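Here is the structure we will look at.
Side chains included, hydrogens not; waters and symmetry mates left out as well; all remaining heavy atoms used. Because the structure is a prediction, the values reported are computed rather than measured. One is the number of the first residue; the rest follow in order along the sequence.
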Amino acid sequence: MATDTLKSTTGARDASGGLRRLLLDNGALTALIVLVIAMSALSGDFLTTDNLLNVGVQAAVTAILAFGVTFVIVSAGIDLSVGSVAALSATVLAWSATSAGVPMFLAVLLAIATGIACGLVNGILISYGKLPPFIATLAMLSVARGLSLVISEGSPIPFPDSVSHLADTLGGWLPVPVLVMVAMGLIAAFVLGRTYIGRSMYAIGGNEEAARLSGLRVKKQKLAIYAFSGVFAAVAGVVLAARLSSAQPQAADGYELDAIAAVVIGGASLAGGTGKASGTLIGALILAVLRNGLNLLNVSAFWQQVVIGVVIALAVLLDTARRKAGAIPAAAGTGGGDKGRQAVTYGLAAVVTVAIVGATSFLHNGSSSASAPKMGLSLSTLNNPFFVQIRAGAQAEAKKLGVDLTVTDAQNDASQQANQLQNFTGSGLGAIIVNPVDSDAASNSVKAADKAKIPVIAVDRGVNNAKTAALVASDNVAGGELAAKTIAEKLGGKGKIVILQGQAGTSAARERAQGFANGLKAYPGIQVVAQQPADFDRTKGLDVMSNLLQAHPDVQGVIAANDEMALGAIKALGSKAGKSVSVVGFDGTPDGLKAVEGGTLYASVAQQPSQLGKIAVDNALKAIQGKKVEETVKVPVKVVTKENVAGFSG
């Protein structure tokens, strides 16, 4: 009897231990299942075919980058350069196929060769230069991004149509980026599990010195490992550029962190020796589901970053718990039984997910969606007061009109904005308002919305090569001309000035710079002694202006492409601001207007951003109701000085 009781207790303990081990060994998969179920319960728009395909497309670039990073992390390295290498490879392809007239096949090979070259340089610096991987790849991050800007001259390069088909769908529903992601995942899995170099990666990551003593040529293996990472980065860059219809010099900025996060969430250890392609794919899908679901739930982009950071931290904690519990690491050479058990686990997970999600979907059946008109507003960034004012104007008008308005922040990332617009389209909103990060990059997403018969209103910046119901904007070129005229007249038609430019690659920076140049042509006595980008940022405006003052201490005027940079320049000028040096800004932000009132900022070319947001919502509602909408609605710019600032309201 005692023996039977002991057996029963032991069996229960074994069962609970087996379940615990199953959850620990498949923590990422468990997290993905929980996320899918939660998002399905919270949003009726999540569990649709279109939206699930959106998730796949949005995961594609991160997953492809992450597959390459998996090779590096398994071998106990790190690669911070993959985002910049992706941008450089896409820029090389677009430039060689357009400006250089290279045949498309050779242009694609050049793009791949660029990725390989960057990877080999990383490998050489690490293997033979003895640089830590963090430092070597951080240097390549800067070099590759800089070369991308040099080749493109800071402007997006339209992508050839033959390559842009990578962003199309097969059969009208299956996105090509998803197919590319799957293909690259299979290649990564094959390399890790079936090749000599794959086994070498695990050996080097497990114990590099032991691998060297066993006869592995560790230095040469590392060259190949980083070259593989470069190839995958190049492919990711081409897929991303195809989605955006252009090679963006600032594309994939920060994607290296997402790629590393996907690998770690997928079960790989930063200490090396463990990791697999399927885990990396699950990690990328978790990030995509999180962002997609949080967008659908109208969660602030700032809170999204917090949530994703928490998920990464939990993934590392799970990895630690798994090791303490003695869970089997995902390394090469596992037996057939393990693979069979893994296949059964994945199959069971799929069945459980489908069953629970199917039951959950009934929660949303019959729910009314015809209450208030729904709109989505995608802003290029909310780190700039100008766009914050656009949001405020739009939200105030939406509340007044009884409109349900969802606002998202693209954080100056054209790819992230494409994802947000896809989510809006899949949610079946009545209208979409977009303030494009880049006018070319938004075209494919706007075309998809138009195909779904959702009217799109562009605000502040237009969308190239796509049909919008209306453009609500000020004229950036005309505003730039006004700024040039204002500073020239203040200086009496002669003097030395510097120009602080906006973020390279953005349409606002290009258009305002063009306006500055056009306006200054009428004043030959005005000498532009320096032009430098400060990325629409106050801190960078301070730093750049401080540097320029060392070379040009006798400068008499400053034109800044926005008020934030102008305020940074004022800080650098100190007591000179508003006295011996006149500064003209752009946007008419609250801080800018205070500086005008205080006399340190001579003038700001104000665009009345609150009015832009208000008018955009008004026109979007007209489009939803089927009323006539003007194709172009111009909001006049106004030069605000100390004389008229008291009566001005943005």
Listed by chain and number, what are the side-chain contact (heavy atoms from CB on, under 4.5 Å) partners of L257, not counting sequence neighbours? none

With Q248 as partner, the option from T91, D438, D413 fulfilling side-chain hydrogen bond (donor to acceptor under 3.5 Å, both in side chains) is D438

With R538 via salt bridge (Lys or Arg N to Asp or Glu O under 4.0 Å) - residues at least two apart: E564, D591

Which pairs count as side-chain hydrogen bond (donor to acceptor under 3.5 Å, both in side chains) when at least one residue sits in residues 223-236, sequence neighbours excluded? D79-S229

Answer yes or no: are there more than 12 heavy-atom neighbours, outside Y196 itself, under 6.0 Å from its atom OH? yes

Calculate, to the nearest 0.5 Å, the distance between atoms CG and CD belonging to N412 and Q503 respectively. 5.0 Å

Taken to the nearest 0.5 Å, the spacing of I265 CD1 from I282 CD1 works out to 11.5 Å

Among all residues two or more places apart in sequence or in another chain, which pass the side chain to side chain donor-acceptor pair (under 3.5 Å) test with S152? none

Taking only residues at least two apart or on different chains, which pairs with a member in residues 288-303 satisfy salt bridge (Lys or Arg N to Asp or Glu O under 4.0 Å)? D258-R291

Listed by chain and number, what are the salt bridge (Lys or Arg N to Asp or Glu O under 4.0 Å) partners of D253, not counting sequence neighbours? none

In terms of side-chain heavy atoms, does N444 have a donor or acceptor partner in S245 at a distance below 3.5 Å? yes

Scanning both residues in full, the closest heavy-atom pair of G293 with M39 reads CA-SD, 3.6 Å

How far does OG1 of T62 sit from CD of E256, to the nearest 0.5 angstrom? 11.0 Å

If we only count heavy atoms from C-beta on, is the L110 to L93 side-chain gap below 4.5 Å? no

Heavy-atom check, side chain of V108 versus side chain of V238, under 4.5 Å: no

Would you find a donor on one side and an acceptor on the other, under 3.5 Å apart, between the side chain of S75 and the backbone of V72? yes

Enter the distance from L125:CG to L120:CG here, rounded to the nearest 0.5 Å. 11.0 Å

Given side chain to side chain contact (heavy atoms under 4.5 Å, CB included), test V74 with I225 step by step and report yes or no. CA-CA 10 Å; V74 163; I225 290 167; over 6 Å; no

Nearest-0.5 Å distance that lies between atom CG in L244 and atom OG in S445: 7.5 Å

Yes or no on side chain to side chain contact (heavy atoms under 4.5 Å, CB included) for Q250 and V437, after CA distance, side-chain angles and deciding distance? CA-CA 11 Å; Q250 294 286 9; V437 172; over 6 Å; no

Mind jotting down which residue pairs meet the salt bridge (Lys or Arg N to Asp or Glu O under 4.0 Å) criterion with at least one end in residues 200-218? Sequence neighbours excluded, please. E208-K222, E209-R212

Is the closest side-chain donor-acceptor distance between N423 and Q58 under 3.5 Å? yes

Considering only heavy atoms from C-beta outward, does the side chain of L296 approach that of S427 to under 4.5 Å? yes

Flag side-chain contact, heavy atom, 4.5 Å: T408 against F424: yes

Rounded to the nearest 0.5 Å, the CG atom of L138 sits from the CD1 atom of I78 at a distance of 11.5 Å

F190 side chain near T195 side chain, heavy-atom distance below 4.5 Å: yes

For residues 126-134, tabulate all N or O donor-acceptor pairs below 3.5 Å that involve a side-chain atom, not counting sequence neighbours.
residue	atom	partner	partner atom	Å
S127	OG	G123	O	3.1
S127	OG	K219	O	3.3

Take Q422 and D50 through the side chain to side chain contact (heavy atoms under 4.5 Å, CB included) test and state the conclusion after the steps. CA-CA 9 Å; Q422 277 188 328; D50 286 344; over 6 Å; no

Do V36 and F46 pass the side chain to side chain contact (heavy atoms under 4.5 Å, CB included) test, and can you show the C-alpha distance, the side-chain angles, and the key distance before you say yes or no? CA-CA 9 Å; V36 169; F46 180 81; 4.2 Å; yes

A277 backbone acceptor or donor facing T70 side chain under 3.5 Å: no

Going by the rule side chain to side chain donor-acceptor pair (under 3.5 Å), which residues pair with S380 if we only count those two or more places apart in sequence or in a different chain? N435

Summary of ring pair (Phe, Tyr, Trp, His ring centres under 6.0 Å) pairs that have at least one residue in residues 53-83, sequence neighbours excluded: F71-F228, F71-F232

How about V178 and M181: do any of their side-chain heavy atoms sit closer than 4.5 Å? yes

Can you name the one residue among N51, N419, N54 that meets side-chain hydrogen bond (donor to acceptor under 3.5 Å, both in side chains) with N292? N51

Does any part of the side chain of L88, heavy atoms only, come nearer than 4.5 Å to the side chain of C118, both counted from C-beta? yes

Heavy-atom closest contact (A442 atom, P436 atom, distance): CB-CB, 4.2 Å

Just wondering, do M140 and S84 contact through their side chains at under 4.5 Å, heavy atoms? no

Set of residues satisfying side chain to side chain donor-acceptor pair (under 3.5 Å) with respect to D537, sequence neighbours excluded: none

If I compare all heavy atoms of A31 with all of I286, which pair ends up nearest, and what's the gap? CB-CD1, 4.1 Å

Hey, does the side chain of S142 reach the backbone of A139 with a donor-acceptor pair shorter than 3.5 angstrom? no

For a quick test of reading the model, state the closest non-hydrogen atom pair linking V263 to A66 and the distance between them. CG2-O, 3.4 Å

In terms of heavy-atom contacts, R145 and P249 come closest through NH1-O, 2.9 Å

Provide the closest heavy-atom pair for G426 versus T48 in the form atom of the first, atom of the second, distance. O-OG1, 4.4 Å

Side chain to side chain donor-acceptor pair (under 3.5 Å) partners of D409, counting only residues at least two apart: none

